[in-house]
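Scroll down for the structure; my scribbles are underneath it.
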Amino acid sequence: MKNYLAEIFNEASNKLAYLKNIKITFDIPKNESQGDLSSNAALLLSKQLKKPPRKIAEEILSSLVFDKDIIKNTEIAGPGFINFYFTPIFIAQIIKPILTNPRSYGKSVKYNGKKANVEFVSANPTGPLTVGHGRNAVVGDTIANLLGWVGYEVDREYYFNNAGRQMRILGDSVRIRYLELLGNKVDFPEDYYQGEYITEIARKLVSDYGDKLLEEKPEGIFKDKAEQEIFVEIKNTLQRLGIIHKIFFNENSLYEEGKIVEVLDEFKNKDLSYEKDSAVWLKLAQLGNDQDKVIVKATGEPTYRLPDIAYHITKFKRNYDLMIDIFGSDHNATYPDVLAGLKALSYDDSKVKVLIHQFVTITENGEIVKMSTRKANYVTLDQLVDDVGADVVRYFFNMRNISSHMNFDLTLARKQSEENPVFYLQYAHARISSIIKMVENEKLQPSTDNLNLLTANEEQLLLKKLHQFENEVLLSAEFYETHRICVYLEELAAAFHKFYTFCRIIGSEKNLAEARLALAVSTRAVIKNGLMILGVSAPEKM
RNA sequence: GCGCCCGUAGCUCAAUCGGAUAGAGCAACAGCCUUCUAAGCUGUAGGUUAGUGGUUCGAUUCCACUCGGGCGUACCA
């Protein structure tokens, strides 16, 4: 529909040159009585042409040449909107491409040939994933799906660090639990990892090695065993949510391959760094940020900025056209430094999109559950999947704009999981599947021969909804917003449920029944594709 | 103090890069199953979009300030 309007406007712009001055867009009015699509061109032009918008709208309208079999009616309304009403038969044509290629309907080719990297989760292996990581994981994976749908070749990547202070504390936490298990009285420091999983790992070491590790250092087998066990857990949890990373990038490899030193030298050569108080500072103030920051501590150890910059350089060298980083809001102060550093080294930082999601507040029985990996009082992502299922977890994290703080009421999620919107969508899918099974006995085939019969209000609303899918996928991908798909699917499912209630298939006259069946089959395809993007299953039965 | 994010119906959230009468779900109330799945549908009720000013044909959206909440503001990641 939009494409057709864009065409006729384009032709009209040969006659009305001023149409070229603005970006012509078509909106779907909120109110049905304002047409199927609407243009605000006249309002936008009013100022520069110094004419009343309704007058301009008349001019535009009279120079538009269109097919009466496609556009049924036009009007000028309100302050100067031009509203277009399409013919029912044109609207019904949408199901032809859906039926021809159900699995790929909604995909587009705009970004064909481009490579994208989505880096997400990236939790260091110090403990199980929490609910907070869940949002990051689900949104990251879904954005990767979306990019794939609009043509990108996408790599999913997980960046981690298995060295440094936190990992040493992890190893030492295991070591102390190990000593405890063997009957030694040792103080367990408060800032160590308190979780039960630490003891579990220590227990495995006891059963594998007995008391042979009493003299081992924390950085040795204790740390290694912990890392290995925890990573197995993390990957397992992600897999339950259908998430598989292609690349696991170890920060340590940057040191081993000399990348850190390379970047450090480059900064020095470009006179972007200096020494002060026996630390190395990056001239970030000069690069437009607030203040200079340390990149190598007085101890000789780099701060996170240096490896992060080196890491992104490897992504540039791997020829990605788009690099997405997904972080929680606790990282919101760190990325400007990294981007500035990249820019200073002549990398195109506009290819890096940093998506910051706000925190998830968990409430249980009306009380806020505080999350901390160190302390034991967190809710793991695994437990959440146990409670409400992978589909609900994925849908729930996807259904909200990442810039919004979100509240996760565990009590509610458990108790009311049957009333979750995800079931509403899945139910629509299951209902259609059921019909399709049932019509086998009725000798009905989906058919596009009599689409002109689909004139009922419920049919037309459903058809128009189907029209929007491809554009909705494109917008969601370009805005990196997964919740749009959820909103769309809920509207689509609602349109279907209404159609289902008022427009029967079995029992209707054959031509009508087969046209409706074609509509139902198309709807199922779109729901399924939408759910696939979200990573939610589409059951045949419920 | 400063930076980023948020404040919309009782609750959880939408609102098409500034559009027309701000919409859903849950909760509440009133209806609809001898016919394709009632996990559904129909209807009612619910709002000074935190507040004040500004920008303009038009503001939930943009700007300024105020109030309230979250996250940061490291030679931790």
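Residue numbers begin at 1 in each chain, while the letters A, B, ... track the order of the sequences.
A/H357 is listed as a side-chain neighbour of A/N136, based on a closest heavy-atom distance under 4.5 Å.
As rounded to whole Å, 21 Å separates atom P of B/G70 from atom CD1 of A/I402. To the nearest angstrom, P of B/A38 lies 13 Å from OH of A/Y424. Per the geometry, CG belonging to A/L306 stands 13 Å off P belonging to B/C76, to the nearest Å. The interatomic distance linking A/Y311 (OH) with B/A77 (P) rounds to 16 Å, in whole Å. Between the CD1 atom of A/I435 and the P atom of B/U35 there is a distance of 15 Å, rounded to whole Å.
Separation of the C1' atoms belonging to B/C13 and B/U52 is 27 Å when rounded to the nearest angstrom. The gap from the C1' atom of B/A45 to that of B/G7 amounts to 25 Å, rounded to the nearest Å. A gap of 28 Å separates the P atoms of B/G18 and B/U12, to the nearest Å. Going from the P atom of B/G43 to that of B/U49 covers 26 Å, rounded to whole Å. Distance check on atom P: B/C11 versus B/C57 gives 37 Å, rounded to whole Å. Distance noted for atom C1' between B/C71 and B/A15: 26 Å (whole Å). The gap from the P atom of B/C65 to that of B/U61 amounts to 16 Å, rounded to the nearest Å.
Its glycosidic angle being within 90° of 0, B/C33 falls on the syn side.
A donor N or O paired with an acceptor N or O is not found under 3.5 Å between the base of B/G72 and the side-chain atoms of A/D330. Between the side chain of A/T334 and the base of B/A77 there is no donor-acceptor pair of N/O atoms closer than 3.5 Å. Remark: the A/N83 side chain and the B/A20 base include a donor-acceptor N/O pair separated by less than 3.5 Å. A donor N or O paired with an acceptor N or O is found under 3.5 Å between the base of B/C5 and the side-chain atoms of A/H405.
The residue A/S404 sits close only to the backbone: its heavy atoms come under 4.0 Å of sugar-phosphate atoms, none of a base. A/N124 comes within 4.0 angstrom of the backbone, heavy atoms only, and of no base. A/T299 comes within contact range of no nucleotide atom at all, as no heavy-atom separation falls under 4.0 Å. Across all strands shown, A/N401 has heavy atoms under 4.0 Å from sugar-phosphate atoms exclusively, and none from any base. Residue A/K541 is classed as a base contact, given a heavy-atom separation below 4.0 Å to a base. Within the nucleic acid shown, A/M438 comes within 4.0 Å of sugar-phosphate atoms alone, with no base atom in reach, counting heavy atoms only. The residue A/E540 sits close to a base: some heavy atom pair falls under 4.0 Å. Within 4.0 Å (heavy atoms only), A/A428 reaches no atom of the nucleic acid at all. Using a 4.0 Å heavy-atom cutoff across all strands shown, A/H483 reaches sugar-phosphate atoms only and no base atom.
Here A/Y500 does not count as stacked on B/G40, because the ring centres are not under 5.5 angstrom apart with planes under 30°.
Between A/K51 and A/E59 there is a salt bridge, with a side-chain nitrogen of the basic residue lying less than 4.0 Å from a carboxylate oxygen of the acidic one.
Each of A/Y311, A/F248, A/F120, A/Y304 was compared with A/Y159 under the ring-ring contact (aromatic ring centres under 6.0 Å, His included) criterion, and only A/Y311 meets it.
Comparing atom distances between the A/R400 side chain and each of B/A14, B/U37, B/A77 picks out B/A14 as nearest. Proximity note for A/Y304 (side chain, C-beta onward) versus B/C36, B/A77, B/G19: the nearest is B/A77.
Taking the six-membered ring where the residue is Trp, the centroids of A/Y158 and A/F231 are separated by under 6.0 Å.
Within 6.0 Å of CD on A/Q445 lie no more than 12 heavy atoms contributed by other residues, nucleotides or ligands.
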